[in-house]
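Lettering follows sequence order; numbering is per chain, from 1.
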Amino acid sequence: MASKNKKTQEDNPLKNVIAHAKEYGFIFQSSEVYDGLQAVYDYGQYGVELKNNIKKLWWQSMVQLNDNIVGVDSAIFMHPTVWKASGHVDGFSDPLVDNKDSQKRYRADVLVEDKAAEYVKAGEPEKGKALEQKLGALLEAEDLEAVRQLIIDEEIVCPVSGTDNWTDVRQFNLMFSTEVGSVADESSTIYLRPETAQGIFVNFLNVQKTGRMKIPFGIAQIGKAFRNEIVARQFTFRMREFEQMEMQFFVRPGTEMEWYEQWKETRMKWHKALGLDAEKLQYHDHEKLAHYANAAVDIEYEFPFGFKEIEGIHSRSDFDLTQHQEFSKKKQQYFDDEVKQNYVPYVVETSVGADRSFLATFCNALTTETVGEGEKQKERTFLKLHPAIAPVKAAILPLNKKDGLPEIAQEIFEDLKYDFNCIYEEKQTIGKRYTRQDLIGTPFCIAIDYQTLEDQTVTIRHRDTMEQERVHKDELAGIIGNAVSFKNIFKQL
RNA sequence: GCGGGAGUAGCUCAGCUGGUAGAGCGACAGCCUUCCAAGCUGUAGGUCGCGAGUUCGAACCUCGUCUCCCGCUCCA
């Protein structure tokens with residue numbers, strides 16, 4: 001039995017997480033009744049609460065705690081030139097081909113270009129040039145079948161397997177496109193944004209001027225982004241539609257590394273304060289930097305499938321604003337009174353995946369422990385969520401549904417529901433109701449018993465320890481309010 | 001995309017070499033019960049992922065397809 005369980009867990013490290021997320025209304029697969037849509041997921045009744053709490057916590061720790069950070073909510077649709085300027089049009093769309101024997105994937109255009117370079121090197125520059133021109137013409141005509149034929153005709157083989165057993169050449173467009181307007185000509189093609197950052201960059205001057213912002217300052221945004229991932233895997237870790245929580249911090253050139261270090265530290269504290277285990281968090285420096293960055297680090301969480309990125313902190317230099325300045329022909333500059341200089345600000349970006357933060361939190365919280373002794377020993381599963389982000393803050397439970405207990409419980413529920421997301425339940429035994437709350441991570445269960453009838457006290461049960469304390473019912477709002485306050489988290493930042 | 005594994009009730013799964021489906025848990029209703037998935041009674045819920053084919057007959061065999069999981073590959 002034990003060995004069987006172990007094997008299952010090894011085979012599917014996320015299986016328990018996925019099963020729990022579905023069973024208790026956190027995450028469902030998109031369009032499940034129609035067999036689902038690959039790499040797209042929906043948040044259920046408790047999932048949406050948890051996710052909203054995470055987003056709210058992030059938002060407030062950015063725009064409420066920092067008087068030099070403000071927020072925006074930019075549209076998902078943006079002018080097509082934005083993505084030319086950002087480099088996504090060129091960088092996010094390649095003709096790819098696989099070698100079936102080595103199972104290696106290559107850019108088809110690079111394979112041919114390398115071959116052309118070989119000709120040049122071998123003293124046949126005309127042949128090389130002719131090949132490049134042919135390739136250019138085929139790519140222009142988007143004739144991918146001909147590109148494959150060209151690879152075969154040129155006897156290009158996979159450097160690993162040494163064979164020419166190629167799949168079809170496929171065009172990978174990592175950006176989703178759609179049409180705006182009713183006329184379906186090329187100029188109306190626009191993209192669903194692959195990142196939220198550009199919505200901040202194009203509003204840099206709007207916000208700076210209307211908000212009278214002085215550098216250094218930041219613009220925060222939470223929003224959906226879309227990416228046609230080649231391979232979508234690992235549950236909600238890599239989805240086609242996902243949500244980012246990004247903050248672009250505009251700084252004076254030359255100061256970017258100080259800010260980079262500071263945000264690196266602050267953001268790590270945030271994840272820890274949220275409740276992620278410190279030993280499951282680590283920095284991962286980027287060896288290979290993206291085209292826009294001069295320093296980059298990931299904050300990684302140890303998921304059941306290994307350490308993976310949940311947040312990236314990038315020093316983006318002045319790349320984005322300079323690009324927009326060039327493409328839009330509009331100055332993206334700031335006059336710095338202190339140094340009496342006009343410059344394009346440098347940018348330090350913090351970008352956390354809301355869904356990844358959710359998944360990390362969920363994995364981290366899902367706890368199984370053995371309780372009881374002897375014959376009463378059993379497994380107990382609960383979600384050890386920080387009370388501030390738990391979907392439900394308190395469950396109000398009359399010990400049974402007679403002798404006036406439900407009436408008092410209802411009164412308490414009515415009193416608390418304006419401040420906290422609460423649940424009232426009177427059906428079934430109290431033990432079953434406790435367990436149900438444990439499974440969705442409710443930090444407090446308030447039981448109304450016969451003593452309540454006498455002295456207006458109730459028991460309040462703590463999820464993690466299952467211990468109970470007896471308090472007067474008028475103290476409940478204070479106890480719960482204190483425990484679920486974001487302040488506890490903010491103080492750790 | 002390639003390779004491997006899987007898909008049966010809300011969940012976990014059983015169902016032998018083909019004979020049109022079961023269990024436990026859960027859910028719901030009621031009874032009982034003053035504290036951790038208790039007990040009793042009852043109820044609902046599945047065209048066995050979907051579509052073809054073979055067969056007198058398919059959850060089971062064959063093909064296709066969708067989805068999930070694992071590995072590889074890709075990933076501003």
Side-chain angles (χ1 to χ4, degrees), chain A residues 4-5 8 10-16 18-20 22-25 28-41 83 86-92 94 96-107 160 165-170 172 174-175 193-195 197-198 225 227-235 238 244 286 288-293 296 305 308-309 312 314 316 319-320 349 351 371-372 376 378-382 397-403 405 427-439 445 447-453 459 461 463 466-468:
Chain A
K4 193 185 173 188
N5 281 341
T8 308
E10 277 168 8
D11 290 344
N12 288 322
L14 270 179
K15 198 178 176 187
N16 293 340
I18 296 168
H20 195 93
K22 186 197 170 182
E23 177 74 353
Y24 299 103
F28 308 122
Q29 198 189 355
S30 165
S31 317
E32 196 185 5
V33 291
Y34 292 107
D35 287 334
L37 184 63
Q38 195 172 44
V40 184
Y41 291 90
W83 306 112
S86 70
H88 286 85
V89 170
D90 291 333
F92 259 33
D94 300 312
L96 299 179
V97 63
D98 293 316
N99 183 273
K100 290 178 186 170
D101 298 314
S102 64
Q103 294 181 20
K104 295 286 176 192
R105 169 167 294 161
Y106 303 92
R107 278 179 56 176
V160 175
N165 190 10
W166 299 106
T167 62
D168 288 344
V169 177
R170 294 174 308 266
F172 280 82
L174 269 58
M175 286 194 290
R193 64 182 178 201
E195 63 174 22
Q198 300 304 326
R227 230 174 269 184
N228 220 341
E229 302 284 356
I230 294 172
V231 173
R233 278 292 163 79
Q234 277 134 357
F235 199 36
R238 184 163 292 148
Q244 293 183 305
H286 281 214
K288 201 172 65 182
L289 294 175
H291 59 276
Y292 53 72
F305 47 88
K308 297 283 180 183
E309 174 189 2
H314 295 180
R316 290 182 82 124
F319 176 84
D320 297 279
E349 165 189 276
S351 174
V371 294
K376 283 196 166 181
K378 60 180 178 182
E379 292 276 296
R380 170 178 176 254
T381 302
F382 63 106
L397 314 169
L399 191 56
N400 59 43
K401 50 185 172 183
K402 58 182 187 184
D403 302 328
L405 299 183
K427 299 280 177 65
Q428 297 173 320
T429 61
I430 190 101
K432 198 171 274 191
R433 285 176 276 161
Y434 283 149
T435 301
R436 257 203 297 271
Q437 297 307 316
D438 286 344
L439 291 166
C445 285
I448 288 77
D449 59 12
Y450 285 91
Q451 195 175 326
T452 312
L453 294 172
T459 63
R461 171 188 179 273
R463 175 197 64 203
M466 298 196 296
E467 280 168 9
Q468 290 176 291

Open item on the list: Judged by each residue's nearest nucleotide on RNA chain B, which is more toward the 5′ side, A:L399 or A:A19?
Closed with: A:A19

TODO: Give the nucleotide from the list B:A76, B:A29, B:C70 with an atom nearest to the side chain of A:K427.
DONE: B:A29

TODO: Please assess A:F235 against A:Q29 for the test side-chain contact (heavy atoms from CB on, under 4.5 Å), listing each intermediate value before the final yes or no.
DONE: CA-CA 9 Å; A:F235 199 36; A:Q29 198 189 355; over 6 Å; no

- [ ] Kindly indicate whether the side chain of A:R461 and the base of B:C36 share any N or O donor-acceptor pair separated by less than 3.5 Å?
- [x] yes

Task: Which residues share a salt bridge (charged side-chain N to carboxylate O under 4.0 Å, His left out) with A:R193, sequence neighbours left out - done: none

TODO: Applying side chain to side chain donor-acceptor pair (under 3.5 Å), name anything that partners A:E309, two or more places apart in sequence or on another chain.
DONE: none

Open item on the list: Once you apply a heavy-atom cut-off of 4.0 Å, does A:F235 come out as touching a base, just sugar-phosphate, or nothing?
Closed with: sugar-phosphate

Open item on the list: If I take atom CD in residue A:Q428 and atom P in nucleotide B:G26, what distance separates them, rounded to the nearest angstrom?
Closed with: 8 Å

Open item on the list: Nearest heavy atom decides the nucleotide; on that basis, is A:I448 or A:I18 closer to the 5' end of RNA chain B?
Closed with: A:I448

Task: Distance in angstrom units between A:K15 NZ and B:U12 C1', rounded - done: 8 Å

Open item on the list: Measuring only the C1' atom in each nucleotide, how far is B:A9 from B:G22? A whole number of Å is fine.
Closed with: 10 Å

TODO: Give the rounded distance in Å between these two atoms: NZ of A:K401 and C1' of B:U34.
DONE: 16 Å

Task: Span that lies between the C1' atom of B:U8 and that of B:G49, in whole angstrom - done: 10 Å

Task: Same-atom distance (P) from B:C61 to B:C16, integer angstrom - done: 10 Å

- [ ] Please identify each residue that fulfils ring pair (Phe, Tyr, Trp, His ring centres under 6.0 Å) with A:Y24, with sequence neighbours left out.
- [x] A:H20

Open item on the list: For a quick test of reading the model, state the closest non-hydrogen atom pair linking A:D320 to A:Q198 and the distance between them.
Closed with: OD1-NE2, 3.2 Å

TODO: Ignoring hydrogens and angles, answer whether the base of B:C75 and the side-chain atoms of A:R238 contain a donor-acceptor pair closer than 3.5 Å.
DONE: yes

Open item on the list: The criterion is salt bridge (charged side-chain N to carboxylate O under 4.0 Å, His left out); which residues satisfy it with A:K22, sequence neighbours excluded?
Closed with: A:E32

Task: Pairing residues for A:Q437 by the side chain to side chain donor-acceptor pair (under 3.5 Å) criterion, not counting sequence neighbours - done: A:T442

- [ ] Name the closest nucleotide to the A:E23 side chain, picking from B:U67, B:A76, B:C11.
- [x] B:C11

Task: From B:C35, B:A76, B:C68, nucleotide with atom closest to A:Y41 side chain - done: B:C68

Open item on the list: Expressed as a whole number of angstroms, how long is the span from A:K308:NZ to B:C75:C1'?
Closed with: 11 Å

- [ ] Go through the side-chain N and O atoms of A:D449 and A:T452 and say whether any donor and acceptor fall under 3.5 Å apart.
- [x] yes

- [ ] Using the P atom on both, measure B:G53 against B:C40 and round to a whole Å.
- [x] 49 Å

Task: C1' atoms of B:G7 and B:C50, separation to the nearest Å - done: 11 Å

Task: Integer-rounded Å distance: B:A76 P and A:E309 CD - done: 10 Å

TODO: Can you tell me which stems involve RNA chain B, if a stem is defined as three or more consecutive Watson-Crick or G-U wobble pairs, both distances under 3.5 Å?
DONE: B:1-7 with B:66-72, B:10-13 with B:22-25, B:27-31 with B:39-43, B:49-53 with B:61-65

Task: All side chain to side chain contact (heavy atoms under 4.5 Å, CB included) counterparts of A:S30, not counting sequence neighbours - done: A:L37, A:V40, A:D42

TODO: Take atom CD of A:Q234 and atom P of B:U73, then tell me their distance rounded to the nearest Å.
DONE: 13 Å

Open item on the list: Tell me the closest heavy-atom pair linking A:A39 and A:R238, and the distance in Å.
Closed with: CB-O, 4.2 Å

- [ ] Can you tell me, in whole Å, how much space there is between the P of B:U20 and that of B:C48?
- [x] 14 Å

Task: Separation of A:R461 CZ from A:R433 CZ (nearest 0.5 Å) - done: 12.0 Å

Task: Polar side-chain contact A:Q468-B:C35 base: donor and acceptor under 3.5 Å - done: yes

Task: Partner set under ring pair (Phe, Tyr, Trp, His ring centres under 6.0 Å) for A:F305, not counting sequence neighbours - done: A:F237, A:F303

- [ ] Give A:L397 one of three labels, base, sugar-phosphate or nothing, depending on what nucleic acid heavy atoms sit under 4.0 Å from its own.
- [x] nothing

- [ ] Summarise how protein sits on nucleotides 38-50 of chain B as a single string, 5' to 3': B when a protein heavy atom is under 4.0 Å from the base, S for sugar-phosphate-only contact, - for no contact.
- [x] B----------B-

Open item on the list: Suppose you measure atom C1' in B:G4 against the same atom in B:C13; what distance do you get, rounded to whole Å?
Closed with: 22 Å

Task: Atom-to-atom span, CD of A:E467 to C1' of B:C36 - whole angstrom - done: 13 Å

Task: C1'-based separation of B:U41 from B:G51 [nearest Å] - done: 43 Å

TODO: Would you mind reading off the distance between A:F28 atom CZ and B:G10 atom C1', rounded to a whole angstrom?
DONE: 10 Å

TODO: Considering just the side-chain nitrogens and oxygens of A:Q29, establish if one lies under 4.0 Å of OP1 or OP2 belonging to B:U67.
DONE: no

TODO: Among the candidates B:A76, B:A27, B:C35, find the nucleotide nearest to the side-chain atoms of A:H88.
DONE: B:A76

